[in-house]
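This report concerns only the one structure given below.
Worth saying up front: this structure is predicted, and the values here are computed from it rather than measured. Scope of the values below: all heavy atoms of this structure, side chains included, with no hydrogens, waters or symmetry mates.
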Amino acid sequence: MARKKLTYILRPTLPRRAIVWFPQFVNQKSIDRFRGLHDPQAQALPPHLTLVFPFHSRLTLDQIAAHAQKVLRAWPCFPVVMHGFWSAQNEFIGIGTQVGTDALVEMHDRLYRGPLEEFLRPEFDYTPHITLAQATQTDRYEALCTAAAVVTRESFRDVLRTVTIIRDNGDNDWVRERDLHLMW
């Protein structure tokens with residue numbers, strides 16, 4: 001009895017994308033300096049606020065953009081003020097939002113409806129923030145919290161006008177794929 005030879009087709013991995021806001025703060029240098037020392041993502045991405053966290057999907061860029069643009073149509077540009085300490089899971093440290101929080105949470109919730117619904121992780125509460133540091137070792141968390149206070153005491157102001165779909169090309173190499181504009 002002859003054995004059949006199995007042929008395996010290697011498929012490329014699905015694209016990994018996210019939707020973020022890249023603010024342009026006048027006083028952003030203090031964030032850049034701190035992140036450069038303490039955030040492993042600092043070299044890959046400038047300071048950003050994540051609205052849809054990274055997900056793998058067969059959805060095309062055009063499909064994701066069409067959905068996001070439909071959601072964003074509901075918002076005019078709005079001011080965002082980042083100020084105050086934020087942390088999660090005794091590992092991530094950042095700056096929370098002081099102004100614009102409700103709009104950002106609602107935008108996040110609506111983006112996760114429709115075609116992106118399956119990627120929502122309801123076990124995590126969404127709090128808009130910009131990550132400043134990641135405590136990769138548990139004994140460094142408290143020291144990073146103390147050090148971050150210098151940055152989180154400042155206020156950072158900008159107007160949210162555009163969000164961006166980004167894609168991970170692998171090895172933490174993120175590229176901007178498409179900017180999506182809020183209503184002026």
Looking at every non-hydrogen atom in both residues, tell me the closest pair between [X] and [Y] and how far apart they are.
{"X": "S87", "Y": "Y141", "value": "OG-OH, 3.0 Å"}
{"X": "D32", "Y": "P47", "value": "OD1-CG, 3.3 Å"}
{"X": "S30", "Y": "V151", "value": "O-CG2, 3.9 Å"}
{"X": "P40", "Y": "T136", "value": "CG-CG2, 4.5 Å"}
{"X": "F78", "Y": "G100", "value": "CE1-O, 4.1 Å"}
{"X": "L182", "Y": "P76", "value": "CD2-O, 3.5 Å"}

Checking the side chain of [X] only, and the main-chain atoms of [Y] only, is there a donor and an acceptor separated by less than 3.5 Å?
{"X": "H108", "Y": "E106", "value": "no"}
{"X": "H48", "Y": "V20", "value": "no"}
{"X": "R153", "Y": "A149", "value": "yes"}
{"X": "D171", "Y": "D173", "value": "no"}
{"X": "H67", "Y": "R113", "value": "yes"}
{"X": "T131", "Y": "A133", "value": "no"}

Spacing of [atom1] belonging to [X] relative to [atom2] belonging to [Y], to within rounding of 0.5 Å:
{"X": "L180", "Y": "I165", "atom1": "CG", "atom2": "CD1", "value": "4.5 Å"}
{"X": "M82", "Y": "N27", "atom1": "CE", "atom2": "CG", "value": "12.0 Å"}
{"X": "D158", "Y": "F25", "atom1": "CG", "atom2": "CZ", "value": "6.0 Å"}
{"X": "H38", "Y": "Q134", "atom1": "NE2", "atom2": "CD", "value": "13.0 Å"}
{"X": "Q63", "Y": "R58", "atom1": "CD", "atom2": "CZ", "value": "12.0 Å"}
{"X": "H181", "Y": "L72", "atom1": "NE2", "atom2": "CG", "value": "10.5 Å"}

What do you reckon, is [atom1] of [X] surrounded by more than 12 foreign heavy atoms closer than 6.0 Å?
{"X": "D102", "atom1": "CG", "answer": "no"}
{"X": "R178", "atom1": "CZ", "answer": "yes"}
{"X": "E154", "atom1": "CD", "answer": "yes"}

[X] and [Y]: same hydrophobic cluster, using ILVMFWY side-chain contacts below 4.5 Å?
{"X": "V71", "Y": "I166", "answer": "no"}
{"X": "M107", "Y": "V105", "answer": "yes"}
{"X": "L59", "Y": "L51", "answer": "yes"}
{"X": "L104", "Y": "L45", "answer": "no"}
{"X": "W75", "Y": "L49", "answer": "yes"}

Legend entry - CA sep, side-chain torsions, deciding dist, call: W21, V80, side-chain contact (heavy atoms from CB on, under 4.5 Å): CA-CA 11 Å; W21 172 50; V80 177; 3.7 Å; yes
Side-chain contact, heavy-atom cut-off 4.5 Å: [X] with [Y]?
{"X": "I95", "Y": "F156", "result": "yes"}
{"X": "F53", "Y": "Y112", "result": "yes"}
{"X": "Q41", "Y": "W174", "result": "yes"}

In residues 119-126, what donor-acceptor pairs under 3.5 Å come from side-chain atoms, sequence neighbours left out?
unit_1: R121; atom_1: NE; unit_2: E123; atom_2: OE2; d: 3.0
unit_1: R121; atom_1: NH2; unit_2: E123; atom_2: OE2; d: 3.1
unit_1: Y126; atom_1: OH; unit_2: T50; atom_2: O; d: 2.8

Legend entry - Derivation and outcome, side-chain contact (heavy atoms from CB on, under 4.5 Å), residues T138 and N90: CA-CA 8 Å; T138 53; N90 288 333; over 6 Å; no
Legend entry - CA sep, side-chain torsions, deciding dist, call: W86, I93, side-chain contact (heavy atoms from CB on, under 4.5 Å): CA-CA 6 Å; W86 169 88; I93 299 160; 5.8 Å; no
Inset, instruction - Please test R17 against I64 for side-chain contact (heavy atoms from CB on, under 4.5 Å), starting from the C-alpha separation and ending with a verdict. - result: CA-CA 9 Å; R17 292 186 167 98; I64 296 167; 3.6 Å; yes
Legend entry - Any residue meeting salt bridge (charged side-chain N to carboxylate O under 4.0 Å, His left out) with D39, in chain and number order, not counting sequence neighbours: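 Testing D39 for salt bridge (charged side-chain N to carboxylate O under 4.0 Å, His left out), a comparison that skips the adjacent residues, returns R35.
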Inset, instruction - Go through the side-chain N and O atoms of D179 and T164 and say whether any donor and acceptor fall under 3.5 Å apart. - result: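 Note: D179 and T164 side chains meet the donor-acceptor criterion.
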